[in-house]
Novice: 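Structure in structure tokens, see below.
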Amino acid sequence: MLLNTVTIGMAGAGIAVALALVRPWGMRVPGPPLAFCAWVAVGFLVPLLPYAGLGSLLGPTDEVASSGNDAPTMPGWEAALVQLGFVGMGLGLVLALPAYLRRRWPHTFAGRLESSTSGGSFVLRCVALAAGVVGLVWIAWAAGCTVAVAHPTTRDINWRLLNGVSGLWALIAGASTYALQRKGPTRVARAATQPRSPQAPR
């Protein structure tokens, strides 16, 4: 009951964020809480899109397939609805969030990125290095490495797939973070025209 209550609350928050991203009144919502909720949702859902697509081709996990009749398992139709809901929300965020950010803060998409300071550059390099190390560890586990893996004989193909996808996302995050501290000029301008301030919603 507690888990279902928390899930219902999370679903309600997700519906509110989705409406705020596409409705005019969303431009009046305070930016920090909306950005935080959208950031958490993107972090959870978007990285799972490749795993959801590839995992559906592999079928049920070994643990589910080997469970007995007395074990509580999720019905197939319910699992399909949950998976469809996650994929739909992830794809919606991919489309709605960038469009919302462009409408509300157009000045952040104009001009060129400025060079980072020495202190900020050091922090970004450390973050990029940490993300790279985590990504390589995940990819090593996906490739079959069993170092620091509890009960390696129980890890199935879906577990390896999840680690591989997570490792690739971590490497992408590390490379993107490293690119932010580059001191050289950017090759592509973010916008060639002056941004216009968004119109006040009615």
Side-chain angles (χ1 to χ4, degrees), residues 2-52 82 84-132 134-135 165-166 168-202:
L2 177 60
L3 180 60
N4 287 334
T5 303
V6 173
T7 303
I8 293 172
M10 294 174 63
I15 293 172
V17 170
L19 292 176
L21 294 179
V22 298
R23 300 300 301 166
W25 56 262
M27 303 294 290
R28 300 190 297 267
V29 175
L34 178 61
F36 175 76
C37 292
W39 174 69
V40 173
V42 169
F44 275 117
L45 296 175
V46 175
L48 288 178
L49 291 178
Y51 170 74
V82 171
L84 181 62
F86 282 138
V87 172
M89 288 186 289
L91 292 176
L93 285 171
V94 169
L95 299 175
L97 183 58
Y100 176 86
L101 296 177
R102 184 66 177 86
R103 293 194 309 270
R104 183 160 184 174
W105 296 288
H107 59 279
T108 59
F109 296 87
R112 295 182 179 272
L113 290 173
E114 298 179 356
S115 301
S116 303
T117 60
S118 58
S121 177
F122 175 75
V123 173
L124 289 176
R125 289 184 181 181
C126 292
V127 172
L129 178 61
V134 172
V165 171
S166 301
L168 289 178
W169 280 115
L171 293 180
I172 292 173
S176 302
T177 305
Y178 180 80
L180 293 177
Q181 58 84 42
R182 292 179 63 252
K183 294 184 178 300
T186 56
R187 298 179 180 179
V188 180
R190 286 180 285 174
T193 59
Q194 294 293 333
R196 295 180 301 175
S197 58
Q199 298 179 356
R202 297 179 181 178

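Position 1 is the first residue of the sequence; numbering continues from there.
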Novice: Identify the heavy atoms of Val165 and Pro50 that sit nearest to each other, and give their distance.
Specialist: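 Taking every non-hydrogen atom into account, CG1-CB, 4.3 Å.
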
Novice: If I compare all heavy atoms of Ala38 with all of Leu97, which pair ends up nearest, and what's the gap?
Specialist: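 Taking Ala38 first and Leu97 second, the nearest heavy atoms are CB-CD1, 3.9 Å.
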
Novice: Could you give the distance from CG (Leu93) to OH (Tyr100), rounded to the nearest 0.5 Å?
Specialist: 13.0 Å

Novice: Holding to side chain to side chain contact (heavy atoms under 4.5 Å, CB included), I want the full list of residues that pass it with Leu129, two or more places apart in sequence or in another chain.
Specialist: Val133

Novice: From Arg104 CZ over to Leu21 CG, what is the distance, rounded to the nearest 0.5 angstrom?
Specialist: 10.5 Å

Novice: Leu19: what forms a side chain to side chain contact (heavy atoms under 4.5 Å, CB included) with it, not counting sequence neighbours?
Specialist: Ile15, Arg23, Trp25

Novice: Tell me the side-chain hydrogen bond (donor to acceptor under 3.5 Å, both in side chains) pairs involving residues 31-40, sequence neighbours left out?
Specialist: none

Novice: Rounded to the nearest 0.5 Å, what separates atom CG in Leu34 from atom CZ in Arg28?
Specialist: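 So the gap between those two atoms works out to 13.0 Å.
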
Novice: Going by the rule side chain to side chain contact (heavy atoms under 4.5 Å, CB included), which residues pair with Ala170 if we only count those two or more places apart in sequence or in a different chain?
Specialist: Trp138

Novice: Would you please name every residue forming a side chain to side chain contact (heavy atoms under 4.5 Å, CB included) with Leu91, sequence neighbours left out?
Specialist: Leu49, Val87

Novice: Drop me the distance from Ser176's OG to Leu124's CG, to the nearest 0.5 angstrom.
Specialist: 11.5 Å

Novice: Among Ile8, Val6, Thr7, find the one that has a side chain to side chain contact (heavy atoms under 4.5 Å, CB included) with Met10.
Specialist: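 The passing option is Val6.
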
Novice: Kindly compute the distance separating OH (Tyr178) from SG (Cys126), expressed to the nearest 0.5 Å.
Specialist: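 These two atoms lie 12.5 Å from each other.
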
Novice: How long is the straight-line distance from CE of Met89 back to CG of Leu84, given to the nearest 0.5 Å?
Specialist: 9.5 Å

